[in-house]
2 protein chains.
Amino acid sequence: MARTLDDLAALSGVSRATVSRVINGGPVSEETRRRVLEVLERTGYRPNRAARTLASGRSGVVGVVMHIDPQHLFRDPYFAGLLTGMSNALAEKAVGMMLWLGDRTKDEILDQIQLRGLLDGVIVTAHWREDPLVDSLLDSSMPTVLIGHRRSHPEASYVDVDDVQAADTITTHLIEIGRRRIGHITGIPGSVAGADRLEGYKRAMARAKLPTEGLVVEGEFNRASGAAGAAQLIEAGVDAIFCANDATAAGALETIKAHGLRVPEDIALAGYDDLDFAAQLDPPLTTIRQGVQDQGAAAARTLFQLLEDPDGGPRRVLLPTELVIRRSTVGGVRRFD
Amino acid sequence: MARTLDDLAALSGVSRATVSRVINGGPVSEETRRRVLEVLERTGYRPNRAARTLASGRSGVVGVVMHIDPQHLFRDPYFAGLLTGMSNALAEKAVGMMLWLGDRTKDEILDQIQLRGLLDGVIVTAHWREDPLVDSLLDSSMPTVLIGHRRSHPEASYVDVDDVQAADTITTHLIEIGRRRIGHITGIPGSVAGADRLEGYKRAMARAKLPTEGLVVEGEFNRASGAAGAAQLIEAGVDAIFCANDATAAGALETIKAHGLRVPEDIALAGYDDLDFAAQLDPPLTTIRQGVQDQGAAAARTLFQLLEDPDGGPRRVLLPTELVIRRSTVGGVRRFD
DNA sequence: AGAGGGGCTGAGAGCGCTTCCAGTTCCAGC
DNA sequence: GCTGGAACTGGAAGCGCTCTCAGCCCCTCT
């Protein structure tokens, strides 16, 4: 069984260099190529990746770090979409993916990632406003693409959606349908998405000269905190609630109904994410759609660019969002489902 | 910046071999070790993984193939648990994990996996009775651990639970509480778990000399097929239903209630998996608990064994399951929650 | 005092590949 | 017939590490 390039070279009567050229698409005469390919085929030869990496300086593998509690990671379809998008984009270029999940500490992960000659670059989720792991990665020489945080670091390349703008848009939608006391149930404090969406909400409210005092309740991106938050906001006498994500909105919806109030007649409700279930709620939920798979794919492609032209400066990609209007805000009159 | 062992050797006044010994824990005098460690620390040196792999023949990275549609992958907490278990066990030994998800075709994945010098071994989910990818892997020289299929291949190492036995146990439980017309809603045809659970059900029924004709309905491991299947079985006049998993049981429960029937008085209901929501159903669901994270961890450890002693023959691990009795079968009388 | 042995250390030979550089061959052009 | 260049090929130098082997030093034992 042929194991090395030298074996193949001997078998096909050319030099090792030529076999390498055939494999990697270098300039080789048609006839030689054919002969070598035949041997390649016949022997079922597989190149040794480590040797190739060592000689060429490229590994063809990128790291993906999802620095998030695994429980959360798998409950949230957001990460599934991200991973799927990346996985597809990487596979297109036959690039491998090494994955670090969850709750490992910063140093453990860093140690592994920074082993040189293993990874060409890394994609890392940056969902927390403070994350030492992300900072270290940016300071290292490892080409890095962030998902979700427009880090102020001058060298940071990232892929993100404009959460502030999207939250502004959906809040403005609530204002345009005539609501005045619009409450907001936030995401997890410390999360970038939570902070950005709150900011967008406040911006829209300020522009419309509407009050927000007593109308902002802290949530946790989940059903339970949505249910609890809605109770507080009902108390505060709101006529609309913008929730930091769909799960929160689902919880809020339960509470509103339990109070005998109608959506949207008494309280208009809006979420964020447009997960599958948002359209299944009763009434279907007005929300913001962000192409999660696209984000994953974009991150992969951004990393490719970074690797191809390392001196081209940081790459910054802002993906569009879409306001999806359903009956939880414009109920009864027009139907969007 | 010190980049190679030679740089470090020069800086610390010893040979490259000695630096390597310090890093890898070889025999070195205390004083030399201290001196080298100091330099190591000061320079922030990171070994080159590719070079190390090439020289040593071990990469410290294992592949994980989840040959399953990504949509399904993330909906199902089973895979989340598996991945978490593996991820933890691998991290313990500072072994990296390369992941192949989903719907890639067999050859694409194989090409990448079989690159020598990249992976020390692979863990692959084997949930289908027929899977050419698994067959190829077993035929290759790559150390491989299967999760979930006791493949007949003589060299196959695997980690599995005894689905047949567990299904037998839970069916027997239904028999012991006095049920006689016990229906079964199967898993996806072609899946190992589905087939094994069906077999266990039939075995228990046969032993009790109970009929199964017309009492087996095809399902798909999901809520919808559970709801549909239950409708058929109610028609057939069952007094108990064993569902191939908890999601199926949840669907069945809805249908049973919609028919105005009581659980367990009219129809006793049992699931499989003991996912979080099983205990939250009304009534809480009797089911089979399988330690999913344990399975993942066991797979990783089994692979380690295989790598340490490749000639030790195949490793076969069968993990225990547990019958969890709740009110969906013994309602009203005793409480287990 | 000399032999023997144990503990460290350094030299050097790879691991299997890529890639630069220097041919070699073959033609077109003059 | 000779030259210049294009197209292809082979030689060889690494890539950065591991690991065997031999050598050195020093200590113990006879």
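Residue numbering restarts at 1 for every chain, and letters A, B, ... go by the order of the sequence lines.
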Item checked: Whole-Å gap separating C1' (dT9(D)) and CG (L8(A)) -> 17 Å
Notebook entry, point to check: Rounded to the nearest 0.5 Å, what separation is found between the CG atom of L8(A) and the OG1 atom of T18(A)?
Noted result: 12.0 Å
Next item on the list: Scan R16(A) against the nucleic acid and name what it touches under 4.0 Å (heavy atoms): base, sugar-phosphate only, or nothing.
Entry: base
Note to self: Within the 4.5 Å heavy-atom criterion, are R52(A) and N24(A) side-chain neighbours or not?
What the structure shows: yes
Check: Does S20(B) make a side-chain N or O approach to OP1 or OP2 of dC17(D) shorter than 4.0 Å?
Finding: no
Notebook entry, point to check: Within the structure, does a side-chain N or O atom of T4(B) lie under 4.0 Å from either OP1 or OP2 of dC15(D)?
Noted result: no
Notebook entry, point to check: Which heavy atom in L303(B) sits nearest to a heavy atom in V122(B), and how many Å separate them?
Noted result: CD2-N, 4.0 Å
Note to self: Can you measure R35(A) atom CZ to dC8(D) atom P for me and round it to whole angstrom units?
What the structure shows: 14 Å
Next item on the list: Answer yes or no: is there a donor N or O on one side and an acceptor on the other, between the side chain of R301(B) and the main chain of A89(B), under 3.5 Å?
Entry: no
Next item on the list: Using a 4.5 Å cut-off on heavy atoms from C-beta on, say whether the side chain of Y158(B) contacts that of T302(B).
Entry: no
Margin query: Let's see if you can work this out: which of dT9(D), dC17(D), dG16(D) has an atom nearest to the side-chain heavy atoms of L54(B)?
Written below: dG16(D)
Checklist line | Whole-Å gap separating C1' (dC17(D)) and CG (D6(B)) | finding: 9 Å
Next item on the list: State which residues pass side-chain hydrogen bond (donor to acceptor under 3.5 Å, both in side chains) with T32(B); sequence neighbours excluded, sorted by chain then number.
Entry: S29(B)
Margin query: If I take atom CZ in residue R46(B) and atom P in nucleotide dG16(D), what distance separates them, rounded to the nearest angstrom?
Written below: 17 Å
Check: Which part of the nucleic acid, if any, lies within contact of T53(A), taking any heavy atom under 4.0 Å across all strands shown: a base, the sugar-phosphate backbone alone, or nothing?
Finding: nothing
Note to self: Is any side-chain heavy atom of I23(A) closer than 4.5 Å to one of L5(A)?
What the structure shows: yes
Next item on the list: Grab the CG-C1' distance between L5(A) and dC15(D) for me, whole Å please.
Entry: 15 Å
Checklist line | Which residue lies more 5' along DNA chain C, comparing R21(A) with P27(B) via nearest heavy atoms | finding: P27(B)
Checklist line | Sugar-phosphate only, base, or nothing, as touched by S56(A) at under 4.0 Å among non-hydrogen atoms | finding: sugar-phosphate
Check: Salt bridge check: are E38(B) and R35(B) linked by an N-O gap of less than 4.0 Å?
Finding: no
Note to self: Using heavy-atom distances to pick each residue's nearest nucleotide on DNA chain C, tell me which of T18(B) and N24(A) is more 5'.
What the structure shows: T18(B)
Note to self: With each end axis built from five pairs of C1' atoms, what bend angle do you get for the helix from dA1(C)-dT30(D) to dC30(C)-dG1(D)? Round to 10°.
What the structure shows: 40°
Checklist line | Integer-rounded Å distance: dC15(D) P and N48(A) CG | finding: 18 Å
Checklist line | Terminal contacting nucleotides, 5' and 3', DNA chain C versus chain A (heavy atom, 4.0 Å) | finding: dG16(C) to dC20(C)
Item checked: Between P of dG16(D) and CZ of R58(B), the distance in whole Å -> 21 Å
Note to self: So R33(A), base contact, sugar-phosphate only, or nothing? Heavy-atom distance under 4.0 Å.
What the structure shows: nothing
Check: Pick one: which of D6(A), D7(A), T4(A) meets side chain to side chain donor-acceptor pair (under 3.5 Å) with R16(A)?
Finding: D6(A)
Next item on the list: Please report the shortest heavy-atom distance between L54(A) and A50(B), naming the atom on each side.
Entry: N-CB, 4.0 Å
